[in-house]
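Working notes, beginning with the structure itself.
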Amino acid sequence: MVPEIQHDMGVSLVEAQKSVGSFLFSLEPLEQIHLHSNTKFELEPNGDIHYVYIFAALALFILLLACINFTNLSTASAAKRSREVGIRKVMGSLKKQLIFQFLTESVILTLLAMICAYILVYLLLPYFNHVSGKNISFSFFLDFNAISAILFLSIFVGVLAGIYPSFFLSSFNTIKVLKGSSSGGSGKNVLRNGLVVFQFFVSITLIIATIIVYQQLHYMQNKKLGYDKDQVLFLPDAYLLGSAQDAFREDLMRDGRVISASIARSVPGSVNMDGTEIYPKNENGNGTEIHSNIYHIDYDFLHTLNIPVVMGRNFSKEFPTDSSGVLINEAAVGQLGWSGLNPLGRSIVRSGQNEYKVVGVVADFHYASLKQKIAPLMMLLGKNYGGLIIKLKPGDIKSYTDDLKKKWNSYHPDGAFTYQFLDENFASLYAAEQSTGQIFTSFTVIAILIASLGLFGLAAFVTEQRTKEIGIRKVLGASITQLLILVTKDFLYLVGTAFILSIPFTWWAMNGWLQDFAYRIKINIWVFPLSGITAVLIALLTISFRALKASVANPVQSLKTL
């Protein structure tokens, strides 16, 4: 039998099978572990395939926004190229030749964009590595396979973005465009408006999602955990001191800056901890077996972390029988079937072999991530080895850690001195959510920037097309405010439509994301109008420059020019 499994169960497989009957072991492909596994004692912190899907979808949406901008602006400015198309057709150009020309222009633009993208990747890669906790080298993007894939993607995007404008421009009626008649019907406006709605739908959705992600992260980091994590140091390698560990602890307690110190194998916030199957031993037979996590602690653990005992007592040196005693949390009481009963003095059997008497019940505390409900926990009086937890008075932590390092070196000069802050250890449980929030923010900024650039270009085109109308209205007495409303109202209508469409989708998507957390926020209604107002303000700022410029222009000059 594998020694680790026997250690986890506390007995040999043969002995355990006498009470359990059978065990099921399963294998997992090695390449699946990082993104698809979530078990204890992994080789390194795991990723999550769901985040890969989410960020891939966001990247795809950003790419679509850029394609939409190109399509919108190409079709909007079609009138400027209509004469060129008409002349080329008169000179004998075929429709397929015109399509090829416009597609080639589109592909060349995307290839130039690819070069710009490489420059941006080079500049922003350090930021990405910091946010994601990875260490990707720029040389990765210079690999032949990477360059080939990115080149293919660039050509594909160029064709995708340019295919509609190419067919649209090449379909102009030769006689009409040479006469100066506008080509195309209202259909192109419907498509253009639909694409603007989609752009702001994505942008508003990302704004709402970003706010909710940060709300959930703030909730988890500030929720009362049931123990005191502030001003607490943890020395995970204190077991290296061996038999001198108790003396080292006593030495630390003589320092006036130390409130309490405890030897324990695990601390709250630790991903890996012991666990086993337990069941209650009742008068009328054994109860249902449950899984429980295990802490190996000493007499001062609860005091050091300020964890309250709600029933019974803590371990005490006055009770020699505590070596076979156990402390359990309230979650264990419930799952063992003792709700409403007095669990003190009752027996718990571990792995079908070792029996422990309950001496106390501690209040539930969040010793793991808030993604999970508080699971049953049993605390056993540990042997003289483990990490060292130190509760400090408020003060100069840097000065204390310097002194602590000197003291450590006096006990163990050959061992590296490492320590963790318990609050930082707890915060690291949500590194993935922190990265998610930062990446969502980055995607949101990019999406808003792309949508705003497209809206700015479209506003410039529309105001140019309506210059004569604006000049006439101004001559007839229209105020600048009325002209601003005239130019902006259609765009704001599109943004409002995008906002209305984004509400049910974002509500559904973010509710689904929050289901991954056992302790989660409720989505506040105010998030939606706030995001809508933000989008409207962004749209107004984007449009207002062109609209104001057209509104204050000299109407005589406008009417003379056109």
Side-chain angles (χ1 to χ4, degrees), residues 48 50-69 71-72 189-220 371 433-456 458-459 485 488-544:
D48 190 335
H50 295 100
Y51 285 120
V52 176
Y53 294 148
I54 290 171
F55 295 138
L58 289 177
L60 179 61
F61 279 131
I62 296 293
L63 201 57
L64 282 175
L65 293 184
C67 293
I68 287 170
N69 268 358
T71 301
N72 256 349
N189 292 326
V190 174
L191 175 66
R192 193 181 305 141
N193 292 341
L195 294 178
V196 171
V197 169
F198 177 77
Q199 282 188 312
F200 275 90
F201 168 81
V202 173
S203 299
I204 295 170
T205 296
L206 286 175
I207 292 172
I208 297 171
T210 301
I211 294 174
I212 292 174
V213 167
Y214 275 109
Q215 282 185 319
Q216 176 64 20
L217 186 60
H218 181 268
Y219 170 78
M220 292 190 299
K371 282 186 173 183
E433 284 68 39
Q434 288 174 330
S435 297
T436 301
Q438 291 174 309
I439 294 173
F440 258 112
T441 302
S442 302
F443 273 120
T444 302
V445 171
I446 294 171
I448 291 173
L449 182 62
I450 292 174
S452 299
L453 287 173
L455 195 61
F456 182 83
L458 207 55
I485 294 173
T488 59
K489 66 178 182 180
D490 291 338
F491 290 109
L492 295 182
Y493 170 76
L494 298 177
V495 175
T497 303
F499 168 65
I500 292 171
L501 293 175
S502 70
I503 291 176
F505 174 79
T506 314
W507 183 280
W508 168 79
M510 296 313 295
N511 259 316
W513 179 74
L514 288 170
Q515 296 310 308
D516 288 339
F517 301 89
Y519 303 91
R520 52 186 177 268
I521 62 168
K522 291 183 178 178
I523 298 178
N524 295 308
I525 298 297
W526 61 261
V527 171
F528 296 95
L530 175 64
S531 303
I533 292 170
T534 302
V536 168
L537 290 175
I538 291 170
L540 276 175
L541 288 173
T542 303
I543 302 165
S544 59

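In what follows, residues are counted from 1 in the order of the sequence shown.
The local environment of CH2 in Trp508 is sparse, with at most 12 non-hydrogen atoms from other residues, nucleotides or ligands closer than 6.0 Å.
Val213 and Met510 get closest at one heavy-atom pair: CG2-CE, 4.0 Å. Residues Ile521 and Gln215 approach most closely at CD1-CB, 3.6 Å, considering heavy atoms. For the residue pair Phe443 and Leu206, the shortest heavy atom distance occurs at O-CD1, 3.9 Å. Closest approach of Ile450 and Ala66 over heavy atoms only: CG2-N, 3.9 Å. Here the closest heavy-atom approach between residue Arg520 and residue Gln515 is recorded as NH2-OE1, 3.3 Å. Smallest separation of non-hydrogen atoms from Ser502 and Ile208: OG-CD1, 4.2 Å.
To the nearest 0.5 angstrom, Ile439 atom CD1 is 11.0 Å from Thr210 atom OG1. Of the inter-residue distances, the one linking Ile68 atom CD1 with Leu63 atom CG reads 10.5 Å to the nearest 0.5 angstrom. Atoms CZ and CD1, from Phe200 and Ile207 in turn, are 9.0 Å apart once rounded to the nearest 0.5 Å. In this structure, Leu514 CG and Ile212 CD1 are separated by 6.5 Å, a value rounded to the nearest 0.5 Å. The line from OG1 of Thr205 to CZ of Phe505 is 6.0 Å long, rounded to the nearest 0.5 Å. The CD1 atom of Ile62 sits 8.0 Å away from the OG1 atom of Thr444 when rounded to the nearest 0.5 Å.
In this view, Ile538 and Ile448, Ser452, Thr534, Thr542 satisfy the side-chain contact (heavy atoms from CB on, under 4.5 Å) rule, not counting sequence neighbours. Every side-chain contact (heavy atoms from CB on, under 4.5 Å) that Tyr519 has, sequence neighbours left out, goes to Tyr219, Lys223, His366, Leu370, Lys373, Ile374.
In this structure, the side chains of Trp507 and Ile525 come closer than 4.5 Å at one or more pairs of heavy atoms.
In this pair, Trp513 and Phe517 present their aromatic rings perpendicular. The plane angle is above 60°, beyond the 30 to 60° band.
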Give the table of side-chain donor-acceptor pairs shorter than 3.5 Å for residues 490-500, with sequence neighbours excluded, one pair per line with atom names and distance.
| residue | atom | partner | partner atom | Å |
| --- | --- | --- | --- | --- |
| Thr497 | OG1 | Tyr493 | O | 2.9 |

